[in-house]
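A short worksheet on the structure shown next.
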Amino acid sequence: QVQLVESEGGLVQAGDSLRLSCLASGLTFRSYTMGWFRQAPGKEREFVAALTSSGAWIYYADSVKGRFTVPRDNAKNTVYLQMNTLKPEDTAVYYCAADRASRMIVSVHEYAYWGQGTQVTVSS
């Protein structure tokens, strides 16, 4: 059984940094493309960032490019979302996702597995 468990988010101030982690189990982690998405109240879930199984291809949404990074540690079955210079508009529930496809995936509809989500709130 595949499980993705995100770390606890939190309440931070604008300009702060926060790192989320996503621990995967029940799968061969090194073979999976991993993604991060977020959903703000009243909005659709949107793509944030993703990286392929090898880590060779990483892609970011324009809204987070230059501020967020997505390192992965295959030895720990964990992918991270390092968020710097946070803005109030980054406030959302953040989800990690996984798929066995060995390619970049940015569509919410193409990921097979999802975490439960974690709330990140950025105050101004």
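Computed over heavy atoms, backbone and side chain alike; hydrogens, waters and symmetry mates excluded. Everything quoted here is computed from the prediction, not taken from an experiment.
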Any donor-acceptor pair under 3.5 Å from [X] side chain to [Y] backbone:
X	Y	value
Thr78	Asp73	no
Arg72	Phe29	yes
Ser53	Thr33	no

Review point. For Ser54, which residues count as a side-chain contact (heavy atoms from CB on, under 4.5 Å) partner, sequence neighbours excluded?
Key: Thr52, Ala56
Practice item. For Glu89, check side-chain contact (heavy atoms from CB on, under 4.5 Å) against everything at least two apart and list the hits. Key: Lys87
Using a 3.5 Å cut-off and no angle test, enumerate the donor-acceptor pairs between side-chain atoms of residues 57-64 and protein atoms at least two apart in sequence or in another chain.
from, atom 1, to, atom 2, distance (Å)
Tyr60, OH, Val70, N, 3.2
Asp62, OD1, Lys65, NZ, 3.1
Ser63, OG, Arg38, NH2, 3.4

Review point. Taking side chain as C-beta onward, heavy atoms only, is Thr91 less than 4.5 Å from Gln119?
Key: yes
Review point. How many angstroms lie between CG in Asp16 and CG in Asp90, if you round to the nearest 0.5 Å?
Key: 11.5 Å
Point to revise | Point-to-point distance, once rounded to the nearest 0.5 Å, from CH2 of Trp36 to CE of Met83 | key: 8.0 Å
Check your understanding: Do you reckon Val2 sits in the same ILVMFWY cluster as Leu51, going by side-chain contacts under 4.5 Å, direct or chained?
Key -> yes
**Study point:** Same cluster (ILVMFWY, side-chain, under 4.5 Å), Val122 and Val48
**Key:** yes
Practice item. Would you please name every residue forming a salt bridge (Lys or Arg N to Asp or Glu O under 4.0 Å) with Arg30, sequence neighbours left out? Key: none
What are the two closest heavy atoms between [X] and [Y], and how far apart are they?
X	Y	answer
Tyr32	Asp99	CD2-C, 3.2 Å
Val79	Met34	CG1-CE, 3.8 Å
Ser124	Ala14	CA-CB, 4.3 Å

Practice item. Please list all pairs passing the disulfide bond (SG atoms under 2.5 Å apart) test where one or both residues lie in residues 44-77, with sequence neighbours left out. Key: none
Review point. Which pairs count as disulfide bond (SG atoms under 2.5 Å apart) when at least one residue sits in residues 32-74, sequence neighbours excluded?
Key: none
Check your understanding: What pairs meet the ring-ring contact (aromatic ring centres under 6.0 Å, His included) rule with one or both residues in residues 70-103, with sequence neighbours excluded?
Key -> none
Let me have the donor-acceptor pairs involving side chains of residues 17-28, under 3.5 Å, with sequence neighbours excluded, atom names and distances please.
from, atom 1, to, atom 2, distance (Å)
Ser17, OG, Asn84, OD1, 2.9
Ser21, OG, Ser7, OG, 3.4

Please tabulate, for the side chains in residues 108-116, all donor-acceptor contacts under 3.5 angstrom to protein atoms that are two or more places apart in sequence or on a different chain.
from, atom 1, to, atom 2, distance (Å)
Glu110, OE1, Arg103, NH1, 3.3
Glu110, OE1, Arg103, NH2, 2.7
Tyr111, OH, Ile105, O, 2.7
Trp114, NE1, Tyr111, O, 3.4
Gln116, NE2, Glu6, OE1, 3.3

Study note, to complete from the structure: With sequence neighbours left out, the residues meeting side chain to side chain donor-acceptor pair (under 3.5 Å) with Gln3 are none
Point to revise | Residues that Ser123 engages under side chain to side chain donor-acceptor pair (under 3.5 Å), provided they are two or more places apart | key: none
